[in-house]
Structures are given as structure tokens and as C-alpha cells.
Engineer: 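Have a look at the structure that comes next, please.
Keep in mind it's a predicted model, so treat the numbers as computed, not measured. Counting starts at 1 for both ligands and their atoms, following the listed order.
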Amino acid sequence: MNPYETEITEPVKGIFRIPIPVPLPLKFVYAYAVMDPQGIWIIDLGMDVPEARQVWASADQTLGLSARGVAGVIVTHYHPDHIGLAQFAYDLWHAPIHLLEGEIAVARRIFEDNPTAIDMATFLQKNGAPAEEVLFLKREENARRTIVHLPTELVALEDGQRIPLSDTTLQIIQQSGHTDHQAVIYDEARQVLFCGDQILSRITPNISLWPDSDPNPLASYLSSLNRLKEYPIRMGLPAHEHLIDDLNSRIDAIIAHHYERGDEVEQLLDEPQTGYQVARRLFKRPLNPYQMRFALSETLAHLEYLRLAQRIARDDGEFIRYRHR
Ligand SMILES: [Zn+2]
């Protein structure tokens, strides 16, 4: 099956799935339009690149979004492939753009305060990344200024908030791990879950340790996922790849994957090593600096999870090294 559906579909009555192209290996982010007579709700937007604007302009016509009126937009999390077009969407529909409150703060800090890459560089160096991979940060810092544009007003959502529509209610559920405050949205009447990047059908969502964020993102991720199992869910509507028919078994598979990965990481610590050294051994294929950084930050999420569970120990010196206890 082609993981990259390219046409607008209606997987559940009244909900349209709109493929928005992104210049990433995942090829598309899938936005959703909940067609309520009182006003349409849009979930996720895409990165601010010309081809994505074009697709939105044509979807706006095809689905009659502007004509019928958009009541609100929910951006699941602050990553550029979801939030990038926030200003564009605001200009197009004059509708409020919502994110969970904590996520707004992170988005403002990263995309507007333009933090220098110093903290990140120190973090990478201490965890053993070589200089050329640290330098790569600078290029990225420049790139991120062009692909994300935020409106002056972003409206804060709260965990558990319920948004009443005419034939259903959208319930906001806060999830952590992929970002610290990702909103997934439960459509109560249709019993479907808009799961953002929290649960994907084929790949395991990236769970990474970064400076200035959750010190144990993997633990937060696993407990977030368990919370979702309480909801009766007939289908998962993720922001990338396929629809998910059996969300609970996909959740179980992702949890099992992380447990196995944790054991693997623990076994690799035959001698004290930096996170970078462990990542090189864990990800056997050659990686470019961008992929290597994700490999490192994912490995660090596992190492910190194991350390905080008292399974391994850490020594802090010029470099941070992990070892058996
Ligand atoms: Zn994404």
C-alpha cells in the first residue's frame, strides 16, 4: 500500500483528510477538516512552503472552506510541518489558531525569540557529537525562519477542554513525549481520534531528549499512550502515513518496541560510553548529520529513561558517559 495518499478523502462521514506536501521524507502532513454546519474546524496546517499554500488554496475551493466559514484551527504541536502555515491560515480564514498553552510558549521561544544555538551545541558536544555535526545547527537555525510564520494571536487550549459542535464534541487530550504538550483530539460522536504525531501507523514517532524540555520524554510518552486506551476509539486519524484501524494494538506495538529498544540500549553499555557512541552502534546504517542528531536525541531519551529507572548510571565530566550500575 502506498503510504502517501495524495488525494483528499473522507475517511469518516463529515471529516475530510487533506494531504499537504512537506519537503521531508514523510512527504505529506495530513490535515483534517471537520465539516460542522456551525463552522468548520481544521486540524493541522503544514509547513510554510509554496506548494503547501497552493494545495490549501485549492482545497479551500474544493471543500468550500472559506465559503462555509472556518470556526477554528487546532494545531496539534509546534513542529514546523504542523504549525508553519499558522499566519497563512489566519489570513485566509480569519479564525483563531489554537494550541495547548505550553506548546504556544515553546513555539514563541523557538520561532520568534530565535534562541542562539549555544545551549543545543553544548548539549550535543557534552553527549559526544563531533564538531561538524554541531556546526550543522547554524544552517538549520536560518532555515527555520522561512518555514514558520505565526500570527500575533494564538489561542490557548487546556487539557480536557471540550469544544461543542452541532453534531459532536471535540475533546482536547494533552499528550507528551513527541513534544511536551501535544494536543490529540477526540471526536466524541464519531469516536475517532485525531492523533497528530503521537501515534503513527508505520514508523514509531520520534521521542527525543532536548535541552530545556521534559527530562524524561520516553516515560511521559508511555504514560500518555496508556491514558488513550481508556477511550473507545474506532479509528486513529494521524498527521502522517495511514489511517489506524486498531489504535489500541498499534499503541501496544509501539510500547513493546520501546521496551525492546531499551533492553538493546542497556546491553550496548558493555563499557562507559557517550550517548553519541551508543547511537552509532544502535543505528547501524550511515546517517547524515540531520538524521544523526535525531538518532542521538532518541538514544538519549532511552538512556535517561533507563537511568531514571535506576537501570544504568551516568558520569558527568567533560563528556556525559553512561554505564552499567
Ligand atoms: Zn509531523
Engineer: Regarding D252 and R250, does a basic nitrogen lie under 4.0 Å from an acidic carboxylate oxygen?
Structural biologist: no
Engineer: Ring centroids only, cut at 6.0 angstrom: are H258 and Y221 within range, meaning strictly under it?
Structural biologist: yes
Engineer: For the pair D263 and R311, evaluate salt bridge (charged side-chain N to carboxylate O under 4.0 Å, His left out) and give the outcome as yes or no after the intermediate values.
Structural biologist: CA-CA 10 Å; D263 292 344; R311 284 170 59 182; 3.0 Å; yes
Engineer: Ion pair present between D81 and K27, side-chain N to carboxylate O less than 4.0 angstrom?
Structural biologist: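 Judged by the 4.0 Å cut-off on N to carboxylate O distance, D81 and K27 do not form a salt bridge.
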Engineer: Without swapping roles, check the side chain of Y322 against the backbone of L300 for a donor-acceptor pair under 3.5 Å.
Structural biologist: no
Engineer: How about the Zn ion (ligand 1), which protein N, O or S atoms come within less than 2.8 Å?
Structural biologist: D81 OD2, H82 NE2, D197 OD2, H240 NE2
Engineer: Please enumerate all residues that pass side-chain hydrogen bond (donor to acceptor under 3.5 Å, both in side chains) together with H79, with sequence neighbours excluded.
Structural biologist: H77, H178
